[in-house]
Each structure stands twice: as C-alpha cells, then as structure tokens.
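Computed from a predicted model, the values in this text were never measured in an experiment. Chain A is the first sequence line, chain B the second, and so forth, proteins listed ahead of strands; every chain is numbered from 1.
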Protein chains: 2
Amino acid sequence: METLRERKKQRTREALLRVAVELFTTRGYEGTTVDDIADAVGVSQRTFFRYFAGKEDAALALDEMTVAHFVEAVRARPAHEPPLQALRQAVLEGWDTLHEVVDSVVPVERFLALYRVIESTPVLLAAHLRRSVEAEEVLAQVLAEREGLDPETDPRPRLTVAAFGGVMRMTERRWMTDGDFSLEAMRELTVSHLELLGPALAGKWLPYTKT
Amino acid sequence: METLRERKKQRTREALLRVAVELFTTRGYEGTTVDDIADAVGVSQRTFFRYFAGKEDAALALDEMTVAHFVEAVRARPAHEPPLQALRQAVLEGWDTLHEVVDSVVPVERFLALYRVIESTPVLLAAHLRRSVEAEEVLAQVLAEREGLDPETDPRPRLTVAAFGGVMRMTERRWMTDGDFSLEAMRELTVSHLELLGPALAGKWLPYTKT
DNA sequence: TTGTCAATTGTCAGTGGCTGTCACTAGCCT
DNA sequence: AGGCTAGTGACAGCCACTGACAATTGACAA
C-alpha cells in the first residue's frame, strides 16, 4: 500500500480532474476559469497548476488515457495480423472497453459529453489533434517492431498510421455531427470507413451504394 | 485604385506581418511578445489585435495563404483526373509556385524558416493542425463537386481527403527532421509517399526496397 | 475650403492563464 | 520528540487578449 501523502495527492488530483470535467461539460471550457475549479475543490489556483500543466491539460487528461489504452491494444494484437488489420481491431476494442479506462474518474457518458466539448472548442480541438499526431509516432514505432522494420528507413509504418489516423479523426468528427451519439454508431462508422478506404483511394470512383 | 485609408491599412498589416515573421524566426515564437511586434512597427498593442485575431494568427497567416492557394490548385485540375491524382498534382504545383504566394510578404526562404518554427512550437503546431483539418472539409466539398456527389451521403470525398491529409502532414514532419530542407526534397518525399500509400495499406507488407 | 461624418488609432483598465518565490504546514523517518 | 522534506497557500508579476472611450485623421458633400 502507499503512504498517506501519496493517497492525499491522488485524491486531490482526482478531485480536480473530476470537477474540471464537470464544469467544462456544464459551463463550457471558456466559461470555466481555473479559479472556479480550484475553488470548487478547495485548493489554491497554484495547486491546480502543480497537478496539471494547464487548463488544457485537465481537459485532455481523460482523452490521453484512452489514447494510451488504444496503443496498448495495438501492442497486444497477434503478430500475424497485417498492420492495418491490427489497428482496426485495436480501435474497435478500445471503444468497447472505454469504460474500463474512464469509469474510475467519471461515467462514460460524461466522457462522451466532454468529447463534444473538445471537438467544438477550437483551442481544445487543436491540442487534441497535436496529441493525436504525437501518438501516431508511437504507433508507427509499434507497427515497425511488429514487422521487424526500422521506421527511419521504411516509411510504410508512419504512412499507414498517418492515413489511418486521418480516417479516424474524420470518423470522430462525423460521429459528433451525425445525430447518433452512441458507441455502437461509432463502431459502425469506423468499420464502414475503413472498408471504404481502399476503394476510395484507388483511381476512379464507382457509383456509391450504401450498405 | 484604392483610397488612401485602405492603402495605409494594407501597409500597416503588411508591416506587422513582416515584422512578426522576422521576430518569430529569429527570437522564436515564445520569445517574442506582441508588444515587441507592435513597438517595432510603431503602433500600439491594441492595433496589432485589430489586424490579427491573436499572436497565433500572425504566425499562421502565411501558412493560411498557401493552403488557400493549394485549394485553388485542386479546383483548377482537369475534371477527368481521379480524385487522388488531382490532389497529388495540386500539391506538387503548390510547392512549385510557393513563391508566387509568399514573396509579396517575405522571401520563400524566410517562410520555410517560419515553417520550422511552426513545426517545433507545440501551440503553433496544434493550431496548424486544426487549420489543416478545417481545410480538409473544404477540399472534400471540392472533390465531391468534381465527381457530382454529396459529401453528406457519400463518405468517399472526406475519406480520401483525410487519408491524403494525414500523409501530407506526415510528409511535412519528415521533411523537417530529415536533413534536406529544400523544396526539391519535399517534392520527392511527397511523390514517394503517395506512391507507397496503396501498397502500405494493402494487407501484408512485402520487403521494402528503396527506389 | 470647410465642416460633418465615419473609420482608425491610442490609452487605460481589467480579466484570465501561468510562473517564480518564499514562508508555512503536515506527513515521514530515525 | 525532532529534524527533514514534500506539498501548499499567499503574493507579485508577465503576457495574451478585450471592452470602452476619447482623440485623430481621411472621406465626402455643401
């Protein structure tokens, strides 16, 4: 077990994160000041900044956890799967097991609400995109290892991850704007987009028939 | 011709932009305050904010011009070209004619230096990515029109643009970090990446042989 | 030309994110 | 019990950014 100090720290951090998410999803990101969060938790503003690098960091902490979770899922995929297939399966797994990562802080629904805030707040969206791109670097490394390649000389790992990442973020955006805001809908969107990717990139487009 | 007032405004804006780029590339983005820029031009800080939405906006103004230029290049591509081919040609054209867009403010080399600053400054990179993603929405619309499709029902335009965009940004990053910082190198990287995209996404990877 | 109107600017005051410093308190360890 | 150290609060200060108002300057008609 841990020392009392560490437990206290953990509790403070969690309280800050929880309150931050609560306020961001109710009053909006810009409508919430760091003082609001600190006051609600009962600590000084200075203490908030000791736990989070910035307001942004608190808003994206949960997102970062899910990204790490996804990367782990890719690592855990059987080695015989082709790269794109491994990414695809890992994403679907990631969505299916979202609650395992997020529930310790807030219920999944609250996280999804936060996601909407991120997507609709320019500065948060920007930061989110940057982190996604950073994650791609890690993913490329993972793919390269799986295939026994060096990403510095063989561009295919990074290439695959970049295209895949582009499609995933486009899927997120459509998920937000299309009406259905359920994990099931996200699953379906993901599958159909990944299936269409090949044909869409290959030369001329045949007439499109929705499945 | 225009009124004196408009010419003055134009000159002020251009002076601000030029000085901003100058300072960002020499002292770095964070190392430059808005007051530095305003003082160097001889206007008040308030005036700076009347011409640019923020410090960020000044740093990315040139980038935005090149993006618009690229979108136009896509629009101008012959209708018979398949979508991905049109994007590819337009990008290459865009790099070849960079000077036409940028020279009116600063020499191309200075712009390339600014690009490095953007890529290496987290907050700027984030904003740059967000703008790129916004541009993708426009591009998807353009592709859809070319093919006579509705992007709301047919995901292929957005899909293509998303994958393409991912690859392009991955190319930018590699361009920065690989040694050769010339437009020619960028051209070659672009071509080789786009050529490898198809094979990289298709199932298992064959042994890679550099061309 | 001159007077009126509108656009542009500077000044000032204030908010909010974020950081450095320093004294103080509270858990830890012998 | 008492010294050590990690964590905290209070305070001062920087910088990006905004609203409000007054002063200036170009535009345009009488």
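Taking atom NZ on B:Lys8 and atom C1' on C:dG10, their separation rounds to 14 Å, with Å as the unit. If you take CD of A:Glu2 and C1' of D:dA6, they are 16 Å apart, rounded to a whole angstrom. Rounded to a whole Å, the CD atom of B:Gln45 is 14 Å from the P atom of D:dC14. As rounded to whole Å, 15 Å separates atom C1' of C:dT8 from atom CD of B:Gln10. The interatomic distance linking B:Arg11 (CZ) with D:dT25 (C1') rounds to 14 Å, in whole Å. Across the protein-nucleic acid pair, A:Leu16 atom CG and C:dC18 atom P stand 14 Å apart, rounded to whole Å.
In this structure, the side chains of A:Val34 and A:Phe49 come closer than 4.5 Å at one or more pairs of heavy atoms. No side-chain heavy atom of B:Tyr51 sits less than 4.5 Å from a side-chain heavy atom of B:Val43.
For A:Ala185, the side-chain contact (heavy atoms from CB on, under 4.5 Å) test picks out A:Trp175, A:Asp180, A:Ser182, with sequence neighbours left out.
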message = salt bridge (charged side-chain N to carboxylate O under 4.0 Å, His left out), that's the test. Do B:Asp57 and B:Arg131 meet it? Break it down for me.
response = CA-CA 11 Å; B:Asp57 194 43; B:Arg131 286 164 185 238; 3.1 Å; yes
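Remark: B:Arg46, B:Phe49, B:Arg50, B:Gly54, B:Lys55 in residues 46-55 of chain B come within less than 4.0 Å of DNA chain D through at least one heavy atom. For the segment residues 18-35 of chain B, residues with any heavy atom less than 4.0 angstrom from an atom of DNA chain D are, sorted by number, B:Thr32, B:Thr33, B:Val34.
Ion pairing between a basic and an acidic side chain is recognised when a charged N comes within 4.0 Å of a carboxylate O; B:Arg18 and B:Glu22 show no such pairing.
Evaluation of the salt bridge (Lys or Arg N to Asp or Glu O under 4.0 Å) test over residues 153-173 of chain A, restricted to residues two or more places apart or in two chains, returns A:Glu136-A:Arg169, A:Glu137-A:Arg158, A:Glu152-A:Arg158, A:Asp154-A:Arg156. Listed by first and then second residue, the ring-ring contact (aromatic ring centres under 6.0 Å, His included) pairs involving residues 115-150 of chain B are B:Phe111-B:Tyr115, B:Tyr115-B:His128 (not counting sequence neighbours).
When the shell of 6.0 Å around CD of B:Gln10 is examined, it contains 12 or fewer heavy atoms from other residues, nucleotides or ligands.
Screening A:Glu195, A:Glu93, A:Glu81 for a salt bridge (Lys or Arg N to Asp or Glu O under 4.0 Å) with A:Arg88, the sole residue that qualifies is A:Glu195. Applying side-chain contact (heavy atoms from CB on, under 4.5 Å) to B:Leu87 and the options B:Leu143, B:Leu92, B:Leu194 leaves one that passes, B:Leu143.
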Detail all sub-3.5 Å separations between protein N/O atoms and N/O atoms belonging to nucleotides 4-7 of chain C.
{"from": "C:dA7", "atom 1": "O4'", "to": "B:Arg5", "atom 2": "NH1", "distance (Å)": "3.1"}

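Note that the CG atom of B:Leu189 and the CG atom of B:Asp178 stand 6.0 Å from one another [nearest 0.5 Å].
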